[in-house]
Amino acid sequence: MSDGSDAVDGRSYDPDAEHAFPDERLNEVLAFVEDDEEIQTYLDAQNVNPVARMRYNDHGAKHVSIVRDRALTLYELCYDGGVEFNGAAEQGLETADEPVIVALAATLHDIGHVVHRDEHPYYSIPLAADLLDRALDEWYDTADAVRMKGEVLHAILCHHTEETPLTTEAGIVRLADGLDMEHGRSRSPYERGGRGINTVSSQAIESVTLKAGDGVAVLVEIEMHNAAGVYQVDELLKAKLRGSGLEDHVRIVAVNTSEGEGNIVERIEL
C-alpha cells in the first residue's frame, strides 16, 4: 500500500493509499459517484454549453475529476498542516464527513452548465439538491443528510460567485476549481477557433503541482511557457484565493519557464 506521498505531491487522489484523515466513508462515496448513471450523465452533458456552443474551456467530466482530485489533495495537505475545518464540525457532523463534503461539492459544482454557462452556480443548486437527496440516504439518517446537504450546497454556491465561503471546506472547493488551468482543458475550444483570454491563457500553463509548504500548509507550483499564463494566475486564481479563508495557509508560485531574454514575466508569487 502507498504511503500517500504520491497522492499529495501529484494531482490524483488514490483511494487505496493511506491518508492523514479518515477516508473510509469518502471512498465509499467516490465509488457510488463513479457508478451512478445520473451523476455521470450530468458530468458529460454539462460540457455541451461551455465547450461546443460557447467555445469555452472544459467543464465536463475531466474538469470535475481534476477539481475533485485537487480539492482532496488540498484537504489532506490542510488537514495534515493543522488547518481548522468548521463546516462539518459546526453542524455536529464527524471529521470523516469533511472530505465527503469537499468531494461531493467538487463533483457537482458545475452541473448548472446544462442550463447555461451564465449564472451556472445558481442553476447547480437545485440540480445538485435532487441528486444529494438520493445519494446521502446511503450513509446518513434524515437529520445528518439535511446538514450534509446544506454544507455541500454552500460549497457549490461559493465556488464561482460573489458569495463568500463561510467554511474551510467551501474555500477548498473554490480554490481547487481555479487550479484546473493547464493547457489540456482548453485544447478543444482552442482547436475549434476559440481565442478568448481564458482559452489562450490556459494554453500557456504547463503544469500545476501541490505539495506541503514551508511555513504554510500548501505550496502550489505553476509552470507556464509564456506570459499569457499570467492571466490565469494573477486574475483568475488570485480571485479564487481571495476570500476563500485559505489565504494564510496557501502559497502560490508561478514561474515562466520559456528561455531567452526579455521575458515579460519570470515569476509571480501570491
Side-chain angles (χ1 to χ4, degrees), residues 1-37 39-40 42-44 58-83 85 87-88 93-110 135-136 138-139 148 151-152 155-156 159 168-185 205-214 216-223 246 249-252:
M1 188 176 264
S2 167
D3 63 2
S5 60
D6 289 342
V8 171
D9 288 338
R11 83 176 182 193
S12 294
Y13 172 81
D14 181 3
D16 294 325
E18 295 181 1
H19 300 102
F21 57 88
D23 61 4
E24 183 176 358
R25 188 173 302 159
L26 167 65
N27 293 338
E28 291 177 359
V29 170
L30 291 176
F32 174 92
V33 166
E34 291 302 314
D35 291 338
D36 189 86
E37 182 180 6
I39 292 176
Q40 292 303 313
Y42 267 114
L43 301 187
D44 181 54
D58 171 65
H59 281 80
K62 181 179 179 180
H63 167 67
V64 165
S65 177
I66 293 171
V67 170
R68 185 173 59 225
D69 286 342
R70 290 188 175 163
L72 290 173
T73 301
L74 283 170
Y75 172 78
E76 180 160 24
L77 287 166
C78 287
Y79 183 96
D80 207 29
V83 177
F85 289 83
L93 297 165
E94 300 175 2
T95 300
D97 298 319
E98 295 169 356
V100 174
I101 292 168
V102 169
L104 286 174
T107 300
L108 303 176
H109 74 282
D110 269 347
L136 292 172
E138 297 281 328
W139 295 276
M148 286 290 295
E151 292 304 309
V152 174
I156 290 173
H159 89 270
T168 312
E169 291 93 327
I172 280 179
V173 175
R174 179 184 180 95
L175 181 58
D177 184 46
L179 289 173
D180 178 20
M181 57 169 60
E182 290 107 323
H183 56 85
R185 74 183 307 256
I205 303 296
E206 290 288 345
S207 66
V208 177
T209 304
L210 279 64
K211 58 180 66 175
D214 183 10
V216 292
V218 183
L219 172 63
V220 179
E221 295 181 334
I222 300 168
E223 292 187 3
L246 299 172
H249 308 296
V250 177
R251 179 185 174 210
I252 300 173

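A quick note: this is a predicted structure, and the numbers were derived from the prediction, not measured. Because only heavy atoms are used, hydrogens play no part in the values below, and waters and symmetry mates are left out as well, while side chains stay in.
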request  = Please confirm whether the backbone N or O of His19 pairs with a side-chain atom of Glu76, one donor and one acceptor, at under 3.5 Å?
outcome  = no

task = Report the C-alpha distance between Glu98 and Phe21 in whole Å, list the side-chain angles of each, state the deciding distance to 0.1 Å, and finish with yes or no for side-chain contact (heavy atoms from CB on, under 4.5 Å).
result = CA-CA 9 Å; Glu98 295 169 356; Phe21 57 88; over 6 Å; no

request  = Might you point out which heavy atoms bring Ala103 and Leu30 nearest each other, and give the distance in Å?
outcome  = CB-CD2, 4.1 Å

message = Apply side-chain contact (heavy atoms from CB on, under 4.5 Å) to residues Val102 and Val173 and explain how you reach the verdict.
response = CA-CA 6 Å; Val102 169; Val173 175; 4.3 Å; yes

Thr107 versus Arg68, closest heavy-atom pair with distance = OG1-NH1, 2.8 Å

Considering all heavy atoms, the nearest Cys78-Ala217 contact = CA-CB, 4.0 Å

key: For Pro22 against Pro99, the heavy-atom pair lying closest together   = O-CG, 4.1 Å

message = Using only atom types and a distance under 3.5 Å, with no angle test, would you say the side chain of Glu169 pairs donor to acceptor with the backbone of Gly87?
response = yes

note = The reported gap from CD1 in Ile156 to CG in Leu108 (rounded to nearest 0.5 angstrom) is 5.0 Å

request  = Quickly, which of Asn27, Thr73, Asp69 forms a side chain to side chain donor-acceptor pair (under 3.5 Å) with Tyr13? Name it, please.
outcome  = Asn27

message = Using the side chain to side chain contact (heavy atoms under 4.5 Å, CB included) definition, which of the options Leu179, Asp177, Ile172 pairs with Leu175?
response = Leu179

ask   = Below 4.5 Å, heavy atoms only, C-beta onward: do Arg70 and Val208 meet side chain to side chain?
value = yes

inquiry  = Main chain of Ile252, side chain of Glu221: is a donor-acceptor contact present, judged purely on distance under 3.5 Å?
reply    = no

key: Counterpart residues, salt bridge (charged side-chain N to carboxylate O under 4.0 Å, His left out), relative to Asp97 (two or more places apart)   = Arg25

task = Decide yes or no for Asp214 and Arg251: does some side-chain heavy atom of the first lie under 4.5 Å from some side-chain heavy atom of the second?
result = no

query = Is the number of heavy atoms from other residues, nucleotides or ligands under 6.0 Å of Glu138 CD greater than 12?
reply = yes

query = Roughly how far, to the nearest 0.5 Å, is the NE2 atom of His63 from the NE2 atom of His109?
reply = 3.5 Å

query = Looking at CG of Leu72 and CG of Leu77, how far apart are the two atoms once the value is rounded to the nearest 0.5 Å?
reply = 11.0 Å

inquiry  = Just verifying a value: how many Å separate Leu104 CG and Leu26 CG, rounded to the nearest 0.5 Å?
reply    = 8.5 Å

ask   = For the atom pair CG (Asp44) and CD1 (Ile39), what is the distance rounded to the nearest 0.5 Å?
value = 14.0 Å

key: Separation of Asp23 CG from Glu28 CD (nearest 0.5 Å)   = 10.0 Å

ask   = Which of parallel (below 30°), tilted (30 to 60°) and perpendicular (above 60°) describes Tyr79 and Tyr75?
value = tilted

message = So, using side-chain hydrogen bond (donor to acceptor under 3.5 Å, both in side chains) as the criterion, who are the partners of Asp36 when residues are at least two apart?
response = Arg134

query = Heavy atoms, side chains only, cut-off 4.5 Å: are Gln40 and Val33 in contact?
reply = yes

